[in-house]
*Asks:* 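Sharing a structure, written as C-alpha cells. Questions coming.
Given the structure is predicted, the values throughout are model-derived calculations rather than measurements.
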Amino acid sequence: MAQKSKKKQSHGPSKEDKYHDKTNKIALKLSDNLQTNIKNIEGLFENCTDVIKREVDIGGDIPIKIYGVYIDGLVNREITESFFLSRIVDYKNLSEVSIDFNKEETPTTQFIMDHFSATFDINEADKLDDMVRGILSGDTAIFVEGCAKGLMISTRGWPARGVGPPETEAVVRGPREGFVETIRFNTVLIRRRIRDTKLKVEMTSMGERSRTDIAIMYMEDIASPKLVQEIKDRLDKYTIDGVLDSGYVEQLIEDSWKSPFPQTQATERPDKVAASLLEGKVAIVVDTSPFVLVLPATLNSFFQASEDYYQRWEIMSFTRILRYVVSFLSFALPGLYIAILNFHPEMLPTAVAVSIASSREGIAFLGILEIIIMETAFELLKEAGIRLPGPVGHAIGVVGGIVIGQAAVEAKLISPMVVIIVALTAIATFAIPDYSLTTAFRLLKYGFIFICGMFGLYGFFLGFLVMVAHLASLESFGTPFLSAYLANPKGENSDYRDTIMRYPLFMLNRRPSHARPRQKTRVRLSDSNSVSQTPPGPDSSQGGEK
C-alpha cells in the first residue's frame, strides 16, 4: 500500500492543481520584464482564439516594446486600432525626448498616456488580476517593457440591444423607455431623470467566474446610510460562481427565503426606479439584466404602477382599489367557491343554488377536483403561451382555453360554473401590476383550495389570518412589510396616503418612513408663491391682512 501511494504521488500535478496555479498567478503583481507578463497572459488565455494579442516596437533611437491584448467583439476596434495602436506604431520621434526608460522612476506609461491616448478613460494597474478583469470586461490592456505597471484603455463596444418599451410594465400615459442588458445604459437612463450630484453610483462585482458588474445607486442625502451598508454587506456575504441575472442577487439578499412573497421589487422602468430613489430607497443594477432591484420593498409598492402618478388622483385611486379587490379574488375565489358549495350552500340565494345544482347534474368529479383540474389546465396553457413564439403563444392561450373549457363542459367533466370561476381568477391575476406578487398569489391559491376543501369557511378565515400574520412578520432590510398601512397619530408616518388610495400629489408631501429623518419633506410651496397660493382665511381681505 505504501508503494502504491508513492507511485500516485510521483505523478504530475492534476488539472485542479494547474487551475489553482493559474489563479495564484492572477493575484501576482506585474513584472517589469515584458516577456514574463506575456507568458502569464498567454497561459491564462490559452486556447482562447477570440483574444487578440500583438507585440510591437515603438520609437527610433530609444525603442520601447509594448504588448497589447483585447478580446475581439467586446471592444470598439476603431478606438483600439485606429486611434491608439496606429498612433503608437507610427510614432518615430521618441529620440527627441530625453528620457532614460531603463530607470524604474521613468514614467513610461505616463508618457504613453500623455502622447497616444485618444480617450480620457485610461488608467494604470499594477496587478495581473486587474488587467485580466479589464480585458474580460472589454478594455484593451497595454504592457510596457521595463514597467511594472500596465495601461487599461476603456474601449468597450460589445453588441447591445437598443432602448425600447418595457414589455412587462406597459402604461397608457408615461415614458416608453425600458432597461436593457447593458449596465451603463441603465445607469444613464436613471441619471437622466435625476440630475443631482447627490445621486451616487458605487460599482462592485459578484461572481468568481462571471465577475458581473453591479451598480448600487442611492441618493446620498435621502437614503439611510444604515440601509446602504446593509445592502453592501449582503452582497459580500455569499461567494458564487456566476451571476447571470438580477434574480440571482434577489434570492441571495432577501430576508426570508421561505416566504412566497417577494421582499425586493424588480422593475423594467427607469422612471419607477428614479421615483423610488427620491423616496430614499436603493437600486441595484446588475449587468446583463434588464430588471433593476429596488430596496426596501413594502406590500403597497407592488400595487403601484408608474401611471398612477401621471394621471388624476380620482381615477387612479379607483384603479388602485380595484387592484386590491382583484388581488384578493386571485387567491380566494376558488377556495370560497369550494367552501360555499360543499359546506355552506345555504349562504347562496335559492335561484343561484338551484342553477349551480342543475349545472352540476351528471358531473362525475367532486368540486375540489374540478377546480384543481381546470386550474392546472390553465397553468399549462399559460406556460405554453410563454414558451411558444409570440403570435402562436397568444393563439394557444386564447383558443386553447376556449376549446378545452367548452369540450370539458360538453363532456360532463367540468361544470360551467367552475369554468367561470377559473377564468375570473385568471383575469384577476393578470390585473396585478407586479409579476412577482402574482406568482405568490398563484401558490397561495392552491393552499386555500385545499384548506377550504377540508374545513369550509372556517378554513378560509384561518388561512387568511395566517397569511396576514405572515405578512406582518416579514421585513425588507429592516422595514416592516406592512409599515405603509399603519398611520401614526403624530403625523410622522404618512405612508398610508399612497396605499389603497392615492392622495393628490401636493398631499404626498412626506417621504416614506425609511428615509432620513431630516429629509422627510419632498413637496412644499416655493417661497415666492407661498403668500399668493395660500387660500384667503376669515381674517384676510383684498387689501391684505389686518
Side-chain angles (χ1 to χ4, degrees), residues 171 173-175 190-191 193-200 217-228 265 267 269-283 294-321 323-324 433 476-540 545:
V171 295
R173 180 177 179 179
I190 299 172
R191 190 172 284 280
R193 288 163 169 80
I194 304 179
R195 303 177 183 182
D196 190 350
T197 57
K198 297 296 183 181
L199 176 59
K200 304 302 179 183
M217 305 186 68
Y218 61 93
M219 298 298 295
E220 186 180 30
D221 57 337
I222 300 177
S224 170
K226 183 179 179 181
L227 172 62
V228 177
Q265 189 175 14
T267 178
R269 299 192 62 87
D271 56 331
K272 194 170 186 178
V273 175
S276 300
L277 293 175
L278 293 176
E279 291 180 351
K281 297 183 179 181
V282 180
V294 179
L295 313 168
T298 53
L299 182 60
N300 66 303
S301 62
F302 295 99
F303 291 97
Q304 298 170 354
S306 299
E307 194 176 12
D308 294 357
Y309 307 94
Y310 304 147
Q311 300 193 41
R312 295 188 58 81
W313 69 276
E314 298 93 343
I315 182 61
M316 299 321 299
S317 294
F318 171 76
T319 305
R320 188 80 64 82
I321 295 172
R323 290 174 190 156
Y324 278 89
S476 178
F477 292 86
T479 302
F481 205 55
L482 301 181
S483 60
Y485 300 94
L486 305 176
N488 194 317
K490 297 181 180 180
E492 297 177 358
N493 183 8
S494 58
D495 300 355
Y496 66 92
R497 296 180 181 179
D498 195 16
T499 52
I500 299 178
M501 291 186 63
R502 201 223 83 184
Y503 282 41
L505 286 179
F506 69 89
M507 297 184 69
L508 300 177
N509 56 348
R510 295 182 66 83
R511 291 189 175 90
S513 55
H514 49 74
R516 283 194 178 188
R518 295 183 179 179
Q519 292 289 340
K520 289 296 184 182
T521 303
R522 60 178 174 181
V523 178
R524 63 181 181 274
L525 290 173
S526 60
D527 296 336
S528 59
N529 299 327
S530 59
V531 177
S532 61
Q533 293 186 8
T534 304
D539 295 333
S540 63
E545 295 183 357

*Asks:* For S224, which residues count as a side chain to side chain contact (heavy atoms under 4.5 Å, CB included) partner, sequence neighbours excluded?
*Replies:*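 Once residues adjacent in sequence are excluded, the partners of S224 under the side chain to side chain contact (heavy atoms under 4.5 Å, CB included) criterion are K226, L227.
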*Asks:* Can you sort out the partners of R497 under salt bridge (Lys or Arg N to Asp or Glu O under 4.0 Å), two or more places apart, ordered by chain and number?
*Replies:*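 Expected list: none.
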*Asks:* Tell me every residue that passes salt bridge (Lys or Arg N to Asp or Glu O under 4.0 Å) with R191, counting only those two or more places apart in sequence or in another chain.
*Replies:*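 Checked R191 against salt bridge (Lys or Arg N to Asp or Glu O under 4.0 Å); zero matches.
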*Asks:* Tell me, please, which residues at least two apart from E279 pass side chain to side chain contact (heavy atoms under 4.5 Å, CB included).
*Replies:*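 Checked E279 against side chain to side chain contact (heavy atoms under 4.5 Å, CB included); matches are K281, P512, R522.
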*Asks:* Just to verify, what does R320 make a side-chain hydrogen bond (donor to acceptor under 3.5 Å, both in side chains) with, not counting sequence neighbours?
*Replies:*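 In terms of side-chain hydrogen bond (donor to acceptor under 3.5 Å, both in side chains), with neighbours along the sequence ignored, R320 is linked to D308, D498.
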*Asks:* If you take all heavy atoms of R511 and L278, which pair is closest and at what distance?
*Replies:*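 Shortest heavy-atom contact: NE-O, 2.6 Å.
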*Asks:* With a 4.5 Å heavy-atom cut-off, do T319 and E307 have their side chains touching?
*Replies:*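 Not in contact.
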*Asks:* Less than 4.5 Å apart, any side-chain heavy atom of Y309 and any of M316?
*Replies:*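 Y309 does not reach M316 side chain to side chain.
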*Asks:* Can you name the residues that form a salt bridge (Lys or Arg N to Asp or Glu O under 4.0 Å) with R312, not counting sequence neighbours?
*Replies:*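 For R312 the salt bridge (Lys or Arg N to Asp or Glu O under 4.0 Å) partners, ignoring immediate neighbours, are E314.
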*Asks:* If I compare all heavy atoms of T479 with all of S483, which pair ends up nearest, and what's the gap?
*Replies:*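 Distance-wise, the nearest heavy atoms are CG2-OG, 3.7 Å.
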*Asks:* Only counting residues at least two apart or in another chain, list the ones meeting side-chain hydrogen bond (donor to acceptor under 3.5 Å, both in side chains) with S276.
*Replies:*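 Per chain and number, S276 pairs via side-chain hydrogen bond (donor to acceptor under 3.5 Å, both in side chains) with no residue.
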*Asks:* Which residues satisfy the side chain to side chain contact (heavy atoms under 4.5 Å, CB included) test with R195, sequence neighbours excluded?
*Replies:*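 Partners of R195 under the side chain to side chain contact (heavy atoms under 4.5 Å, CB included) test: R192.
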*Asks:* Shortest non-hydrogen contact from F303 to Y485?
*Replies:*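 Looking at all heavy atoms of both residues, the shortest contact is CD1-OH, 4.3 Å.
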*Asks:* Would you indicate whether Y310, at its atom OH, is surrounded by more than 12 heavy atoms from other residues, nucleotides or ligands within a distance under 6.0 Å?
*Replies:*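 Yes, because the 6.0 Å sphere around OH of Y310 holds more than 12 heavy atoms from other groups.
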*Asks:* Measure from the side-chain N and O atoms of S476 to the backbone N and O of F481, and report whether any donor-acceptor pair falls under 3.5 Å.
*Replies:*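 Not a single qualifying donor-acceptor pair exists.
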*Asks:* Taking only residues two or more places apart in sequence or in another chain, which ones pass side-chain hydrogen bond (donor to acceptor under 3.5 Å, both in side chains) with E220?
*Replies:*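 With sequence neighbours excluded, E220 shows a side-chain hydrogen bond (donor to acceptor under 3.5 Å, both in side chains) to no residue whatsoever.
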*Asks:* Identify the two heavy atoms, one from P433 and one from Q304, that lie closest to each other, and give their separation to 0.1 Å.
*Replies:*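 Nearest heavy atoms, P433 then Q304: CB-O, 4.3 Å.
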*Asks:* Can you tell me how far apart OG1 (T499) and CE (M501) are? Round to the nearest 0.5 Å.
*Replies:*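 Going from OG1 on T499 over to CE on M501, the span is 9.0 Å.
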*Asks:* Among V228, V294, L277, find the one that has a side-chain contact (heavy atoms from CB on, under 4.5 Å) with V282.
*Replies:*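 Filter result, single survivor: V228.
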*Asks:* Is Q311 reaching over with its side chain to a backbone N or O of R173, donor-acceptor style, under 3.5 angstrom?
*Replies:*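 Checking the backbone N and O of R173 against the side chain of Q311, no donor-acceptor pair under 3.5 Å is found.
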*Asks:* If the condition is side chain to side chain contact (heavy atoms under 4.5 Å, CB included), which residues does A275 pass it with, not counting sequence neighbours?
*Replies:*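 With sequence neighbours excluded, A275 shows a side chain to side chain contact (heavy atoms under 4.5 Å, CB included) to no residue whatsoever.
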*Asks:* Residues in salt bridge (Lys or Arg N to Asp or Glu O under 4.0 Å) with D271, at least two apart?
*Replies:*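 Checked D271 against salt bridge (Lys or Arg N to Asp or Glu O under 4.0 Å); matches are R269.
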*Asks:* Taking all heavy atoms of L299 and all of L482, pick out the closest pair and write down the distance.
*Replies:*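 Heavy atoms only, the tightest pair is CD2-CD2, 3.6 Å.
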*Asks:* Apply side-chain hydrogen bond (donor to acceptor under 3.5 Å, both in side chains) to T298 and list each qualifying residue two or more places apart in sequence or on a separate chain.
*Replies:*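 Partners of T298 by the side-chain hydrogen bond (donor to acceptor under 3.5 Å, both in side chains) criterion, ordered by chain and then number, come out as N300.
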